[in-house]
Each structure stands twice: as structure tokens, then as C-alpha cells.
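Written out below as C-alpha cells is the structure these notes cover.
Since the structure is predicted, the reported quantities are computational estimates derived from the model, not experimental observations. Both counts, for ligands and for their atoms, begin at 1 and track the order of listing.
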Amino acid sequence: MRKKIVAGNWKMNTLPAEGVELAKGVAAGRGEVCSCVNFIVCPPFTHLSQVVETLKGSDIAVGAQNCATEAKGAYTGEIAASMIAALGCKYVILGHSERRQYYGETSATLNKKMEQAYANNLTPIYCVGENLEEREAGRHFDVVKAQIEEVVFNLTAEQFADLVIAYEPVWAIGTGKTATADQAQEIHAYIREVLRSKFGAAADECPILYGGSCKPSNAAEIFAKADVDGGLIGGAALKAEDFLSIGKGF
Ligand code: PEP
């Protein structure tokens, strides 16, 4: 049985006090959702600590949205994976399309970040996905395959056993356009097949989340698909009620 996961990527939203309120809201309503759903929230760095504190005693995990390629040292403005882990975080989102697009993150960068994450016992939520042009040219399978081969294939079997993948078509992120449930299933099954070619049966244990305008009204249909194990949620994670309601989609 694969883990069912609903992860919230708050991006660069919420001031610390707002983030704490949001986390309190999620914790308050969590009991209404099946305990089989693993909730994760990923606030900005500035209030990771406060959100970890707020969620203490709950089963809601906290993750960061990024980490540095290096362990420590003269890297002004960067945040090391060890610092994130020291706050009590369990996860880190890596390779989000906004990081790839706006901050030039490449597979080479991401290989280093993955190493840092594992060295500090953080579970990476590794994001893959094609842009609109690539989808329209029918290249989405190749793009996603390359993003997996160039990074995930460098992991050991032990590291792979502690990985979450998020498939996020760039054309669906924050646009209100969602992949259909069938489109999501098609590419999730493909991702699993690519993973199986390298990691064998362990691929059947790897949670693959869908991300891209996932909301309470479409989550159930998408989550019902065989290879969709939950969602990475942007906009709808900023309202506790919507975020929790997505969890009810299982
Ligand atoms: C995301 O950026 O990870 C995301 C899925 O955003 P949204 O849900 O807003 O499309």
C-alpha cells in the first residue's frame, strides 16, 4: 500500500503570523479527514520554526520549499538542509518548476540538493513536469523521463525508498487549468514504468503526487486513479478548509 499524501506548497505567501494561523486551521480540522492521509505543509523558510512548533503533537509534517546545494559555508542567502532538518522539518520540495524556470535550477543543481537532503534525513518531494510547448509538441513523456533519469536514477535503492515524486504540468500550475484525471493517470503510470526500469518493484512503493490547480472540486476524480497517490497543492493550500477538503478526496 503506497502512502497517500496531500502536501501544501505555500510558496512565497503568508507572513509568520498568518502562517501560524493557517497551520492552526489545518490542525484543527485534521480530525475530519481519514488518518490514512499524510498531510505535509511547506511554509516559507522564515516561519518554518513557528509552524513546526504550532503543529507539534499533530501528525501533520512540515517541509521546506528548497535547500542549498552545499552543506555550509560562504553561500550568502542560502539555507542548508541541515538547518531545515534542525528545525524539525521532515521534507523538502526540490525541482519545483518555478525554481527550474526562474532560478535556473538544472539536473546538476538538483543532484547536489538531493544529496544534501538525504544526508540530513529530509525526504525530497522531487517535482517533474513539462511546459505547454512541450505538451503541445507531444514531448511530455520525454521531458519527464529525462528529469527522472538525470536525477532520480542517481539515487541508491535506499534513498529511492524514501522519495516522493510530484508530477506537475507547468501549464496547469496556478493557471486554473487542470490536467484531466486520465491525463494524470497516463503520465503517472509512465513515470512509474520509468522508475521500475531502474528500481524494479520498489517503484510500486513510490508515492507520485499530482500538482497543478488541484482543488476540492477535482481532487477526488484525480486521486481515484490507480497511479495517483495524492497532490502537491499550491493556491488551494492557503485556505485550511480547502486544503483539508482536498484530503477528503481519497
Ligand atoms: C504548485 O506550484 O506546486 C502548484 C501545484 O500550484 P497550484 O496548485 O496553485 O497550481
**Prompt:** Under the side chain to side chain donor-acceptor pair (under 3.5 Å) criterion, do Asn120 and Ser82 qualify, and how do the steps go?
**Reply:** CA-CA 6 Å; Asn120 290 284; Ser82 61; 4.5 Å; no
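Contacts with ligand 1 closer than 4.0 Å are made by heavy atoms of both the backbone and the side chain of Ile173.
Each of the following atoms of ligand 1 lies closer than 4.0 Å to a heavy atom of His96: 1 (C), 2 (O), 3 (O). Within the listing of ligand 1, atoms 7 (P), 9 (O), 10 (O) sit less than 4.0 angstrom from a heavy atom of Gly174. Taking every heavy atom of Gly212 and a limit of under 4.0 angstrom, the matching atoms of ligand 1 come to 5 (C), 10 (O).
Heavy-atom separations between Ala236 and ligand 1 are all 4.0 Å or longer. Within the structure, the closest approach of Lys11 to ligand 1 falls below 4.0 Å when heavy atoms are considered. Look at Ala172 and you'll find a heavy atom under 4.0 Å from some atom of ligand 1.
Ion pairing of Arg30 with Asp59 is present here, as a side-chain N (NZ or NE/NH1/NH2) and a carboxylate O approach within less than 4.0 Å. Salt bridge Glu115/Lys112: absent, no basic N to carboxylate O contact under 4.0 Å.
Proximity of a side-chain donor or acceptor of Arg192 to a complementary backbone N or O of Glu205 within less than 3.5 Å is not detected.
Counting only heavy atoms from C-beta outward, the side chains of Ile165 and Leu209 never approach each other to under 4.5 Å.
Here the protein heavy atom with the shortest distance to atom 8 (O) of ligand 1 is Gly234 N, 2.8 Å. In terms of protein heavy atoms, atom 9 (O) of ligand 1 is closest to Gly235 N, 2.9 Å.
Checked against the 6.0 Å centroid criterion, the rings of Phe39 and Phe243 qualify as a close aromatic pair.
Of the candidates Glu130, His140, His188, Gln147, Glu130 is the only one forming a side-chain hydrogen bond (donor to acceptor under 3.5 Å, both in side chains) with Tyr167.
Taking all heavy atoms of Lys177, Glu168, Lys215, Gln65 into account, the minimum distance to atom 3 (O) of ligand 1 is reached by Glu168.
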